[in-house]
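Computed from heavy atoms alone, side chains included, the values below leave out hydrogens, waters and symmetry copies.
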Amino acid sequence: MKKLTYTAFVAFWASIATLLSTNQLVSASHDEAQALPAVTLAQVAEHATEQDCWMAIEGKVYDLTDYLPYHPTPAAVILPWCGTEATKGMRTKGYGRDHSPAAWAELEEYVIGALAEE
């Protein structure tokens, strides 16, 4: 009986710890999204050159100016997306294949804002 009581006790507190941890993670990601400054699509459009390239992708705005020289394709492939809502470009690469999880993770290094609803 002691083993059963002990097991139930440990399981209960492990469940509580898991719930609290999950709540903290959700709150932290929510706070991070709220902390990003709002950027309109009109503002993104003002940054449409190789020397100043912003893109809106899935609700966030990225300054990819410093990344352009490192993109694996020629600049001509990515430049038309500068200053635009470029989710389609990220999701299709122009021919139907999504970018890799590594590319999506690397993208987060360049986030500068959240796309504002207009």
Around atom CD of E117, are there more than 12 heavy atoms from other residues, nucleotides or ligands closer than 6.0 Å? no
For residues M90 and E58, determine if any side-chain heavy atom of one lies less than 4.5 Å from a side-chain heavy atom of the other. no
What do the steps show when you test K60 against E108 for side chain to side chain contact (heavy atoms under 4.5 Å, CB included), and what is the final call? CA-CA 9 Å; K60 292 183 182 175; E108 291 306 309; 3.0 Å; yes
Minimal heavy-atom distance between T65 and P69, with the atoms involved, is O-CD, 3.7 Å
Applying side chain to side chain contact (heavy atoms under 4.5 Å, CB included) to V44 and V39, what does each step give before you reach the verdict? CA-CA 7 Å; V44 172; V39 180; 3.9 Å; yes
Side chains of L68 and I78: closer than 4.5 Å at any heavy-atom pair? yes
Any link between V77 and L79 through a network of hydrophobic side chains (Ile, Leu, Val, Met, Phe, Trp, Tyr) touching at under 4.5 Å? no
Consider only side-chain heavy atoms of I, L, V, M, F, W and Y, link residues closer than 4.5 Å, and tell whether L41 and L64 are in one cluster. no
Could you note down all residue pairs passing ring-ring contact (aromatic ring centres under 6.0 Å, His included) where residues 58-86 supplies at least one of them, sequence neighbours left out? Y67-H71, Y67-Y110
For A116, does its backbone N or O pair with a side-chain atom of T40 as donor and acceptor, under 3.5 Å? no
Sequence neighbours left out, cut at 3.5 Å: what donor-acceptor pairs do the side chains of residues 48-57 make with other protein atoms?
residue : atom : partner : partner atom : Å
T49     : OG1  : Q51     : N            : 3.4
T49     : OG1  : D52     : N            : 3.1
D52     : OD1  : H47     : ND1          : 3.0
D52     : OD2  : H47     : ND1          : 2.5
W54     : NE1  : D63     : OD2          : 3.4

Applying side chain to side chain contact (heavy atoms under 4.5 Å, CB included) to T87 and E85, what does each step give before you reach the verdict? CA-CA 6 Å; T87 299; E85 205 303 318; 2.6 Å; yes
